[in-house]
Amino acid sequence: MKVLVVGSGGREHALAWKLAQSPRLGELHAAPGNPGIARLGACHPVRADDGEGLLALATELAIDLAVIGPEAPLVAGVSDVLRRRGIAVFGPSAAAARLEGSKSFAKEVMRAAGVPSAESLAVARPPCVVKADGLAAGKGVFVCRTREELDAGLEAAAAFEGPLVIEELLDGDELSIFALVDGETVLPLAPAQDFKRVGDGDTGPNTGGMGSYSPVRGADAAFVEEIVETVHRPVVAELAARGTPFSGLLYAGLMLTADGPRVLEFNARFGDPETQSILPRLDGDLLDALLGAATAGLRGVSLDASDRAAVTVVLAGGSYPEANDSGTPIAGVDAAEAADALVFHAGTALHRGALVTNGGRVLDVTAVGETVAEARERAYAAVELISWPGMRYRRDIAGAVHV
Ligand code: AMP
Ligand code: GLY
């Protein structure tokens, strides 16, 4: 099997790492990939949102399966471009990816499917949440508890294109539940929790995610099944009934409120950095499962998680999430890997053979252990070995309050 992973972040590195363990994998390619992925396969200088460029590459390499990591190419229809020419793709069509690409579309689908989510509000009054309707890399949501926060949130949200969505502010623990979908059948993965705020104690602005862990206490198999039955299956059935079936990964971001679980958002792809904590726990063959979702179907496919736990700490540049960091030399990655951590590259580059920063989130350090506490200890021990000027990370990922 020849597989092409599309994207260049930590999620794609984690996907490439897990796919590389499949006995069915012949060749691994990535576009554009990153220095971490380059150690597992061949990276090609084609952008993730360049549909025609990816089609030419996939044709030339005779790719059997393309796995599209990020949301932007999905929403832009890259899956459709490849599929039209007969290439099997893991990732939804543009029509189905609207579930992530437009928050108002997602709300409409949820209403039609009877899925519980935050109530839409006609007037912006604190407390409430202001969201940019379209894609915003996790940075278009403003939680406004006071008038001042609301004024600032409305102003910041206005910087994004398109309309705003205003909804009720929900309180509770957050949980991400991912499921592989073949258009009809839903196969859930182990739950994970993400840490969205940039600062310790959930302070500061929202980011793409500063860390994750899996499993999550209380979210056992029965709980996941209940969520899949009330959230994923109705949405998958609704999209199929509209003639735009969803195939790929359906990510439900949930708030566990006192009144029960509510959907905060859908994503049409693997979450980043949750994937980095979920994949190291998987026992099964990820390539088989992704191929099943993309081609023959998921019936009979299983992808169980081991009892072990995983924790991921994101190392970001000093100005993240406001600005990226580039060209700063990174020290200590080899030492962290030697300490038994997985170091996934999220925003790195090679400059004259040396590893340098190249993005907002730069590295994801993942460790596995018998318990979340043990995995956490190992992850932070490895983090201590890595450094560059300005490097920042949260010190409370998977900390005591969360597990
Ligand atoms: P989203 O991109 O919609 O998941 O929003 C990003 C983050 O904003 C979520 O992970 C929550 O932390 C927060 N958020 C979104 N919607 C709400 C809501 N209705 N109530 C409280 N917090 C929310
Ligand atoms: N970690 C949140 C996301 O991938 O959207």
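Order of appearance sets the numbers: ligands from 1, and atoms from 1 within every ligand. Predicted model only: the values in this text are computed from it and were never measured.
Using a 4.0 Å cut-off to heavy atoms of Gly208, the atoms of ligand 2 that qualify are 1 (N), 2 (C). Atom numbering of ligand 1 starts at 1 in the shown order; those under 4.0 Å from a heavy atom of Lys103 are 1 (P), 2 (O), 3 (O). Heavy-atom contacts of Ala118 reach the following atoms of ligand 1: 19 (N) (cutoff under 4.0 Å). Atoms of ligand 1 found under 4.0 Å from any heavy atom of Glu167 (numbered from 1 in listed order, with element): 16 (N), 17 (C), 18 (C), 19 (N). For ligand 1, the atoms sitting less than 4.0 Å from at least one non-hydrogen atom of Leu169 are 20 (N), numbered in the order shown with element in parentheses. Close contacts of ligand 2 with Asp194, meaning ligand atoms under 4.0 Å from a residue heavy atom, involve 1 (N), 2 (C). Distances below 4.0 Å separate heavy atoms of Met255 from the following atoms of ligand 1: 21 (C), 22 (N). Counting the atoms of ligand 2 from 1 in the order shown, those under 4.0 Å from a heavy atom of Pro273 are 1 (N). The Asn267 neighbourhood of ligand 2 comprises atoms 5 (O), with distances under 4.0 Å to a heavy atom of that residue.
Between the choices Met210, Glu100, Arg269, the shortest heavy-atom distance to atom 5 (O) of ligand 2 belongs to Arg269. The option with the heavy atom closest to atom 21 (C) of ligand 1, from among Thr207, Leu170, Asp194, is Leu170. If you check each of Glu168, Glu174, Lys131, Arg197 against atom 16 (N) of ligand 1, the one with the closest non-hydrogen atom is Lys131.
Residues Asp364 and Thr312 have side chains that never bring a donor and an acceptor to within less than 3.5 angstrom of each other. No side-chain donor from either of Arg262 and Thr257 sits under 3.5 Å from a side-chain acceptor of the other. The closest side-chain donor-acceptor pair between Asp194 and Ser212, if any, does not fall under 3.5 angstrom. A donor atom on one side chain and an acceptor atom on the other are found under 3.5 Å apart for Asp285 and Ser22. Glu274 and Ser176 share a side-chain donor-acceptor pair at under 3.5 Å.
The closest approach between a heavy atom of Gly271 and any atom of ligand 2 is below 4.0 Å. The closest approach between Tyr251 and ligand 2 falls below 4.0 Å for a heavy atom of the residue.
When atom types are taken as modelled, the side chain of Glu168 and the backbone of Glu119 share a donor-acceptor pair closer than 3.5 angstrom. The main-chain N or O of Arg281 is never found under 3.5 Å from a side-chain atom of Arg308 such that the two would form a donor-acceptor pair. For Lys103 (side chain) and Val165 (main-chain N/O), no donor-acceptor pair under 3.5 Å exists by modelled atom type.
More than 12 non-hydrogen atoms from other residues, nucleotides or ligands lie less than 6.0 angstrom from CD of Gln21.
Remark: Arg378 fails to qualify as a cation-pi partner of Tyr380 under the 6.0 Å distance and 45° angle criteria applied to the six-membered ring. Annotation: cation-pi pair Arg11/Phe270 absent, no NZ/CZ under 6.0 Å from the ring centroid and within 45° of its normal.
The shortest N/O to N/O separation between Glu274 and ligand 2 falls below 3.5 Å. Residue Gly209 has no N or O atom closer than 3.5 Å to an N or O atom of ligand 2. Considering backbone and side-chain N/O of Asp272, one or more are found under 3.5 Å from N/O of ligand 2.
When non-hydrogen atoms are compared, ligand 1 lies under 4.0 Å from the side chain of Asn206 (C-beta onward) but not from its backbone. Contact annotation for Leu264 and ligand 1: heavy atoms of both the backbone and the side chain come within less than 4.0 Å of the ligand.
The aromatic rings of Phe344 and His13 stand perpendicular to each other, their planes meeting at an angle above 60°, with 30° marking the opposite boundary.
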